[in-house]
Amino acid sequence: MFKYKKALCIMLSLCMVWMAFACGKDKTDDSQSKKTDDLIVIGFSQPGAESAWRVALTDSVKESFTEENGYKLIYKDGRSKQDNQIKDIRTFIQQGVDYIILSPIVETGWDTVLLEAKEAGIPVIICDRNVVVNNQSLYTAYVGSNFLSEGERAIEYIENLYQPGDDGVEPEVNIVHIQGTIDSSAQIGRSKALERALLEHDNWHIIAEECGEFTKARSKEIMKQTLTEVDSSEINVLYCENDEEAMGAIAALNEAGIKCGVGTSIAVISFDATKSALELCMNGQINMVAECNPIQGPYLYDIIEALNKGENVSKITYIDETSFTGDSLTEDFIASRKY
Ligand code: GYE
């Protein structure tokens, strides 16, 4: 009898423990689903993952919009196609997200889908590259770089490097131009600075020009091909529209046994200032890098927080950027950078 009572007691206690656990669990589930319902949902459409720069932008946006901060971020990679980005935006609209952040692969072709977002009442923030639309009210704000200024900083470097001689004669400057994705804002601004400089300097000539798609692999192919068409001793400037392209072209030159950079006859210009390119700049293989800052998450966060409070936001925010040459760089400085 005593044994029977003891067994019953144990079973009852086990039951109570189980019930307490089950109730507790229900409570947590409840509060968790409530918490998820309270999150502000953002759809983030990126054109691809073609460069270290873009990966840094993706990370920055993901770090800024966390669940702890009250956000749920849905990230989509457009795999280098505008059509995919348009589909991704339509999916965000169907999902009823609260905001859309769009980093557009090219500037044009967004009017229809942005109108759909507007009609659904979803504010769109453009980041990194910009859009050109018929009606400015199709997006709420733009955060990104002034690509023309970046290009102008690069041009200033080339102008200082190739000054007229004591006799006043301007040296001939032959340029290999590896462009970024055609029709993207980054390509348009950086190419425009060079095109304007060509109009001002009769002694500057483009001897090869190709689109490297902002990738190392494509740019390496282009440089290899260029070396079969042009004698390397004729090249004075290699103007690459991002770091990946500079690294690809330098690899092709190195494989062909050709030196480039500071103190050689080929000056290398790059854009972005990612860690690997800054290393090459410090070691002299790249002469000058115009910085393009991908840490845009905090800027986007401030804009969306202001919109949440019903505040007005600036239509355009340009991020502060600088440029680097080898003498301004140290290992410690490069290590301290986020990208
Ligand atoms: O320079 C490049 C990237 O749009 C500014 O795109 C961006 C450019 C950046 O892939 O590395």
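Treat the numbers as computed from the prediction; the structure is a model and nothing was measured.
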**Report entry** Ring centers of Tyr99, Phe65 separated by less than 6.0 Å
**Finding:** no

Query raised in the report: Given side chains that start at C-beta, do those of Ser145 and Asn293 come closer than 4.5 Å, heavy atoms only?
Result: no

Query raised in the report: Do Phe92 and Ser45 come within less than 4.5 Å of each other through their side chains, counting heavy atoms only?
Result: yes

Query - Arg337 to Tyr339 six-membered ring, cation-pi geometry met (6.0 Å, 45°) - result: yes

Query raised in the report: Is Arg218 salt-bridged to Glu221, going by a charged N under 4.0 Å from an acidic O?
Result: yes

Query raised in the report: Going by heavy atoms in the side chains, are Ile304 and Tyr71 under 4.5 Å from each other?
Result: yes

Query - Phe271/Tyr239 aromatic ring centres below 6.0 Å - result: yes

Query raised in the report: Any side-chain heavy atom of Gln46 within less than 4.5 Å of one from Leu57?
Result: yes

Query raised in the report: Does a side-chain heavy-atom distance below 4.5 Å link Ile42 with Leu300?
Result: no

Requested in this report: Apply the side chain to side chain contact (heavy atoms under 4.5 Å, CB included) test between Trp53 and each candidate in Asp243, Thr58, Asn242, Asp128; give the one that qualifies.
Outcome: Asp128

Query raised in the report: Mind checking whether Ser64 and Tyr299 have side chains closer than 4.5 Å, heavy atoms only?
Result: no

**Report entry** Expected output: side-chain Lys76 to main-chain Gln85 donor-acceptor under 3.5 Å
**Finding:** no

Report task. Is it possible for you to check whether Lys315 lies under 6.0 Å from the centre of the six-membered ring of Tyr139, through NZ or CZ, and within 45° of that ring's axis? Result -> yes

Query raised in the report: Can you say whether the rings of Phe333 and Phe324 are parallel (under 30°), tilted (30 to 60°) or perpendicular (over 60°)?
Result: tilted

Query raised in the report: Between Asp332 and Thr330, do the side chains contain an N or O donor and an N or O acceptor separated by less than 3.5 Å?
Result: no

Query raised in the report: Out of curiosity, Ile250 CD1 to Ile286 CD1, how far, rounded to the nearest 0.5 Å?
Result: 4.0 Å

**Report entry** Flag for Thr181-Arg129: side-chain donor and acceptor within less than 3.5 Å
**Finding:** no

